[in-house]
*Asks:* 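Right, I'll just put the structure down here and ask away after.
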Amino acid sequence: MIHNKEAESETRFYGFIRAASVGLTHIISIAFPVFISFLSLPGTSVFSWHPFLMTVAFGFFMTEAILLFSPHGSLLKRFPHKTKGRVHWILQSLCGSCAVLGLAAIYYNKYLNGKAHFTSWHSLLGLITVCVVCVQSLAAVPLIYHSLAKGWSLAKLKRYHAASGLVTFLLGCTSLLLGLCSSWFTASVGGHAWYLAATCPALSALIIMNQVSSAYVAKKRLQS
C-alpha cells in the first residue's frame with residue numbers, strides 16, 4: 001500500500017515536471033521569435049527578414065507542430081489524433097514556407113552586397129536544414145494518403161517520420177544557435193542577454209527530444 005502511494009506520488013511529480021517543461025517551451029516559442037523580431041525589425045531591410053522568418057519557422061511553427069502531440073501540454077489535447085495531424089501538417093507547411101523565404105532573403109541580401117554564399121557553418125547548416133525540411137514535408141504525404149505507400153505499415157511510417165522529424169528539429173535549433181553567434185547578433189546582444197537567448201533553442205531542443213524519445217519508449221513497452 002505504501003509502495004503504491006510512493007509510486008503514485010512519483011508519477012504525479014514527473015507528470016508535473018513534464019507539464020511545466022512543455023509550458024515553458026510554449027512560452028519560449030512565442031518569446032524568442034518576438035525578441036528576434038524586435039532586434040531585426042522585419043521590413044527595414046532585406047536582411048531583416050532572414051532572422052525573423054527563420055526564428056518563426058523553427059522557433060514557433062515547428063516547435064508548436066511537435067508539441068501538438070505532447071500528452072502533457074498539447075494545445076489540442078482534447079481533440080482527436082486526426083485533427084492534431086491536420087493542424088501539424090498546416091504548421092509544418094508554414095514552417096517550410098518561412099524557412100524557404102528566409103533562405104531566399106539572405107541569399108538575395110548577399111547578392112545585393114556582392115558577398116559570397118554559404119561560407120560559414122551557420123549558412124551551410126541552414127541550407128542543409130531547409131533542404132531537409134522540404135524533404136521531410138514531402139515524405140510525410142503518405143501519412144495523410146496512406147495508399148501512396150503500399151507495403152508500408154502506418155505505424156512504421158509514423159515511427160520513421162517521428163525520428164526524422166526530431167533530427168530535422170535538432171538541425172533547426174542548431175542553426176538558430178549558430179545564428180546567435182553571427183556578427184549581427186553579437187553586435188546587438190551581449191553578456192547575460194546572449195546566454196539567455198542561447199538557452200531558448202537549447203531548452204526547446206532538449207524538451208522536444210525528451211517528448212519524442214519518451215513516446216517511442218512508451219510504444220515499445222506496449223508492444224512488448
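Not measured: the values here are computed from a predicted model.
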*Asks:* For a quick test of reading the model, state the closest non-hydrogen atom pair linking Gln136 to Ser164 and the distance between them.
*Replies:*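 Scanning both residues completely, I find the closest heavy atoms to be OE1-OG, 2.7 Å.
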*Asks:* To the closest 0.5 Å, what do you measure between OG (Ser70) and CD1 (Ile208)?
*Replies:*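 Going from the OG atom of Ser70 to the CD1 atom of Ile208 covers 7.5 Å.
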*Asks:* Look only at the side chain of His146 and the backbone of Trp152, and say whether a donor-acceptor pair between them is shorter than 3.5 Å.
*Replies:* yes
*Asks:* With distance as the sole criterion, is a donor-acceptor pair present between the side chains of Glu64 and His26 under 3.5 Å?
*Replies:*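 Indeed, the side chains of Glu64 and His26 share at least one donor-acceptor pair under 3.5 Å.
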*Asks:* Work out which heavy atom in Gln211 is nearest to a heavy atom in Ile66; give both atom names and the distance.
*Replies:* NE2-O, 2.9 Å
*Asks:* With clusters defined by side-chain heavy atoms of hydrophobic residues (ILVMFWY) lying less than 4.5 Å apart, directly or transitively, does Val132 cluster with Leu166?
*Replies:* no
*Asks:* For a quick test of reading the model, state the closest non-hydrogen atom pair linking Lys84 to Phe69 and the distance between them.
*Replies:* CB-CE2, 3.8 Å
*Asks:* Thr55 versus Phe35: any side-chain heavy-atom pair under 4.5 Å?
*Replies:* no
*Asks:* Would you kindly confirm whether Val141 and Ile90 end up in one hydrophobic cluster when ILVMFWY residues are joined by side chain heavy atoms under 4.5 Å apart?
*Replies:*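 The answer is yes; both residues are in one hydrophobic cluster.
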*Asks:* Does any N or O in the side chain of Ser74 come within less than 3.5 Å of the main-chain N or O of Pro71, such that one atom is a donor and the other an acceptor?
*Replies:* no
*Asks:* Would you say Asn109 and His50 make side-chain contact, with heavy atoms under 4.5 Å?
*Replies:* no
*Asks:* Going only through I, L, V, M, F, W and Y residues with side-chain contacts under 4.5 Å, is there a path from Leu176 to Phe52?
*Replies:* no
*Asks:* Let me check something: do Leu94 and Phe58 share a hydrophobic cluster, defined by ILVMFWY side-chain heavy atoms less than 4.5 Å apart, either directly or through other members?
*Replies:*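 Leu94 does not cluster with Phe58.
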*Asks:* How long is the straight-line distance from CD1 of Ile207 back to CD1 of Ile28, given to the nearest 0.5 Å?
*Replies:*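 Answer rounded to 0.5 Å: 6.0 Å.
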*Asks:* Would you find a donor on one side and an acceptor on the other, under 3.5 Å apart, between the side chain of Thr83 and the backbone of Phe79?
*Replies:*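 No, because the side chain of Thr83 does not come within donor-acceptor range (under 3.5 Å) of the backbone of Phe79.
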*Asks:* Would a distance-only check, ignoring hydrogens and angles, find a side-chain to backbone donor-acceptor pair under 3.5 Å from Asn210 to Leu206?
*Replies:*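 Not a single qualifying donor-acceptor pair exists.
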*Asks:* Keeping the roles fixed (side chain from His88, backbone from Ala65), state whether a donor-acceptor pair exists under 3.5 Å.
*Replies:*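 Checked: pair present.
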*Asks:* Could you tell me whether the side chain of Met54 reaches within less than 4.5 Å of the side chain of Val130, counting heavy atoms only?
*Replies:*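 Side chain of Val130 against side chain of Met54, heavy atoms only: contact under 4.5 Å found.
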*Asks:* Quiz question: by atom type and distance under 3.5 Å, do the side chains of Gln92 and Ser137 form a donor-acceptor pair?
*Replies:*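 No, because no side-chain N or O of Gln92 sits under 3.5 Å from a partner of the opposite role on Ser137.
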*Asks:* Can you measure from CG (Leu180) to CZ (Phe32) and round to the nearest 0.5 angstrom?
*Replies:*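 Here the rounded value is 4.5 Å.
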*Asks:* So, Ser204 and Thr25: side-chain donor and acceptor under 3.5 Å apart, yes or no?
*Replies:*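 No - no donor-acceptor pair under 3.5 Å links their side chains.
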*Asks:* Do any N or O atoms from the side chain of His72 and from the backbone of Arg18 form a donor-acceptor pair under 3.5 angstrom?
*Replies:* no
*Asks:* For the residue pair Ala162 and Val212, what are the closest heavy atoms and their distance?
*Replies:* O-CG1, 4.0 Å
*Asks:* For the residue pair Phe118 and Tyr107, categorise the inter-ring angle as parallel (less than 30°), tilted (30 to 60°) or perpendicular (more than 60°).
*Replies:*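 Correct class here is tilted.
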*Asks:* Check the pair Leu171, Leu125 against side chain to side chain contact (heavy atoms under 4.5 Å, CB included), reporting the backbone distance first and the verdict last.
*Replies:* CA-CA 7 Å; Leu171 284 173; Leu125 187 62; 3.7 Å; yes
*Asks:* Working to the nearest 0.5 angstrom, can you tell me the gap between Leu178 CG and Leu124 CG?
*Replies:*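 The CG atom of Leu178 sits 10.0 Å away from the CG atom of Leu124.
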*Asks:* Just do the side chain to side chain contact (heavy atoms under 4.5 Å, CB included) check on Cys134 and Val100 with the steps written out, would you?
*Replies:* CA-CA 9 Å; Cys134 293; Val100 171; 4.1 Å; yes
*Asks:* Is there a continuous path of hydrophobic side-chain contacts, each under 4.5 Å between heavy atoms, that joins Phe60 to Leu53?
*Replies:*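 Looking at the clustering, Leu53 is in the same group as Phe60.
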*Asks:* Show your working on side chain to side chain contact (heavy atoms under 4.5 Å, CB included) between Leu68 and Leu91 and close with a plain yes or no.
*Replies:* CA-CA 10 Å; Leu68 286 174; Leu91 291 176; 3.8 Å; yes
*Asks:* How long is the span from the SG atom in Cys173 to the CE atom in Met209, to the nearest 0.5 Å?
*Replies:* 9.5 Å
*Asks:* What heavy-atom pair brings Trp89 and Ile144 nearest, and what distance separates the two atoms?
*Replies:*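 So the minimum-distance heavy-atom pair works out to CD1-CD1, 3.3 Å.
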*Asks:* Which of parallel (below 30°), tilted (30 to 60°) and perpendicular (above 60°) describes Tyr108 and Tyr111?
*Replies:* parallel
*Asks:* Within the supplied structure, the quantity of interest is the number of heavy atoms (other residues, nucleotides, ligands) at a distance under 6.0 Å from Trp184 CH2; does it exceed 12?
*Replies:* yes
*Asks:* About how many Å separate NE2 of His122 and SG of Cys181, when rounded to the nearest 0.5 Å?
*Replies:*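 Atom-to-atom, Cys181:SG and His122:NE2 are 9.5 Å apart.
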*Asks:* Return the minimal non-hydrogen interatomic distance between Gly96 and Val133, and the atom names on each side.
*Replies:*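 So the two residues come closest at CA-CG1, 3.8 Å.
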*Asks:* Working note: Arg159 + Lys156, criterion side chain to side chain contact (heavy atoms under 4.5 Å, CB included); need CA distance, chi angles, decisive distance, verdict.
*Replies:* CA-CA 5 Å; Arg159 188 162 60 248; Lys156 186 177 288 186; 3.9 Å; yes
